[in-house]
There are 2 protein chains.
Amino acid sequence: MKKEKSEERLGLNLSQENKIEIDCVIFCFEDRSLKVLLVKNENDAMNGNWRLPSASLEHGETILKTAQKILKKHISKDDFFLEQLRAFGYHSSTSFQENISIGYYAMVRREKKKEDDEEFHSDIIWIDINNIADLEDKYMMVIDFSIKELRKNICCSAVGFNLLPEKFTLLQVIHLYEEILGIEINKTNFRRKILQRRLVRGLAEKEEGVSNRAAEFYSLNVPKDELFWNAKFNFNF
Amino acid sequence: MKKEKSEERLGLNLSQENKIEIDCVIFCFEDRSLKVLLVKNENDAMNGNWRLPSASLEHGETILKTAQKILKKHISKDDFFLEQLRAFGYHSSTSFQENISIGYYAMVRREKKKEDDEEFHSDIIWIDINNIADLEDKYMMVIDFSIKELRKNICCSAVGFNLLPEKFTLLQVIHLYEEILGIEINKTNFRRKILQRRLVRGLAEKEEGVSNRAAEFYSLNVPKDELFWNAKFNFNF
DNA sequence: TCAAAAGTGTTATGATTACACCCATGA
DNA sequence: TCATGGGTGTAATCATAACACTTTTGA
């Protein structure tokens, strides 16, 4: 309150100097599709208008802490991957000069039952990346960039496994890559490829109640915090 | 001047709100080594203290334009590659809260003769990345990140060719990759690898005055603006 | 039995590696 | 002639792709 008054004295121009927003693209992988979390735009007169979860960078707060806070507000678990995308400059309808957004992207493992009713009551939505429409340009820009970044990174690191549950089948991995990259993958060869790198470990445990041969469950063979930097490989799709 | 007075009225805390610096890591490749441009730190009492070329983000200016201005101040040609790294948060000795730097990295083709005397008289230095020392933590952080980014990018795109002159020998390319990645490369195999991708084109023109068999000159076979995004390849070193 | 997905085996291809070799040039 | 780097040829090895095949499960 006090702060706003001070700024008013300086006039519009200075008060908008270097206002920084932190925007988060939070990905999950569910029902064989890549989704991002959107929240209802409360400042907007039109109802049913969505935006990325975001926050202004406050005094004495770091950009990373701010991004982490945004995540914790929406994600119940502490178990998420979070990395910065870059800084974006954009022009909004309300200001003449360029605004700054620092984009982050996150990956979470979504557990279905627990969170379904949560979503039902609240002002959030997990939406398939192919169905996103009518977002402000700024948000589309950040989302588009984040998807490109995600595509790049899952081909040269194992970071994509942050989207899978602890136990997963190899078909889930294939679906993940197919969906994110928008390609079709030869299952038998991909399976060999991924097993050769010794990135995953068979659990001697199988699916149950499926109407076909049950697939073995696998789990990661490397610590999660190494997925991004240390678990290198080259998928040349 | 006028602006500074306004800020003073608000006291230290608010005046530093969201102050954004743009820092540029400008790379060149010369004498078989990767160098970055440093400028003399004029605000510093101690002489001989260097920093990255940088600028504050001014009113009504975009981050990209600001970065381009920094480059043009030091580089005579318009022919450079410039991309953002990311936003960095850092703590300086003079302020309690986190400052924001948006880092960019650039690659320029350095022509020796023209610029040598320029450097002799002025307050800039092109320094081998292995000899950088005594920079502020903030600058080291940006430089370290930029080198990692450069390493990553030259392995999956042809962006590194922005550091070479129009005409180059294949040995120059090899030296470039060896120096940036810190590895040794088998010359005969690398040569075939790079020719297979049809990235370069022989010029039927040879070195002169060398004390060994003259190497053929090559030039790029793709437009420069495609080097980063479109000229993909996978060097798995 | 069928459909659907799991999973194995095999062969061909193409990229990469290692290494031997010859070529051109100035000192 | 020698040293230095340019440049070619070739065989072995490894990763990938393509495809045929068998296995397991519920309906």
Here the residues of residues 172-198 of chain B within 4.0 Å heavy-atom distance, strictly under, of DNA chain C are B/Thr188, B/Asn189, B/Arg192, B/Lys193, B/Arg197
Rounded to 10°, the helix from C/dT1-D/dA27 to C/dA27-D/dT1 deviates from straight, judged by its five-pair end axes, by 0°
For DNA chain D, note the earliest and the latest nucleotide, 5' to 3', having some atom under 4.0 Å of a heavy atom belonging to chain A. D/dT16 to D/dG26
Contacts of type side chain to side chain contact (heavy atoms under 4.5 Å, CB included), residue B/Asn189, not counting sequence neighbours: B/Asn186, B/Arg192
My understanding is that only residues two or more places apart in sequence, or in another chain, count here; which of them pass side chain to side chain contact (heavy atoms under 4.5 Å, CB included) with A/Asn130? A/Asp128, A/Glu179
Could you list the residues that satisfy salt bridge (Lys or Arg N to Asp or Glu O under 4.0 Å) with B/Glu166, not counting sequence neighbours? B/Lys224
Do B/Phe190 and B/Leu170 make a side-chain contact, defined as non-hydrogen atoms from C-beta onward lying under 4.5 Å apart? no
By salt bridge (Lys or Arg N to Asp or Glu O under 4.0 Å), which residues pair with B/Glu149, not counting sequence neighbours? B/Lys152
Side chain to side chain contact (heavy atoms under 4.5 Å, CB included) partners for A/Lys148, two or more places apart: none
Residue list, side-chain hydrogen bond (donor to acceptor under 3.5 Å, both in side chains) with B/Arg201, at least two apart or on another chain: B/Ser219, B/Asn221
According to salt bridge (Lys or Arg N to Asp or Glu O under 4.0 Å), who are the partners of A/Lys69, at least two apart in sequence or on a separate chain? A/Glu61
Checking all strands, does A/Leu170 fall into the base, sugar-phosphate, or nothing category for heavy-atom contacts under 4.0 angstrom? nothing
Name the atoms and distances for all side-chain donor-acceptor pairs under 3.5 Å in residues 203-212 of chain B, with sequence neighbours left out.
unit_1: B/Glu205; atom_1: OE2; unit_2: B/Lys167; atom_2: NZ; d: 2.6
unit_1: B/Glu207; atom_1: OE1; unit_2: B/Ala215; atom_2: N; d: 3.0

Regarding A/Glu207, tell me which of base, sugar-phosphate or nothing describes its non-hydrogen contacts under 4.0 Å with the strands shown. nothing
Report the residue (A/Glu208 or B/Leu171) whose heavy-atom-nearest nucleotide on DNA chain D is the more 5′ of the two. B/Leu171
For A/Gln172, give me all partners under side chain to side chain contact (heavy atoms under 4.5 Å, CB included), at least two apart in sequence or on another chain. A/Leu164, A/Pro165, A/Phe168, A/Thr169
Any donor-acceptor N/O pair under 3.5 Å between C/dA5 base and A/Arg213 side chain: no
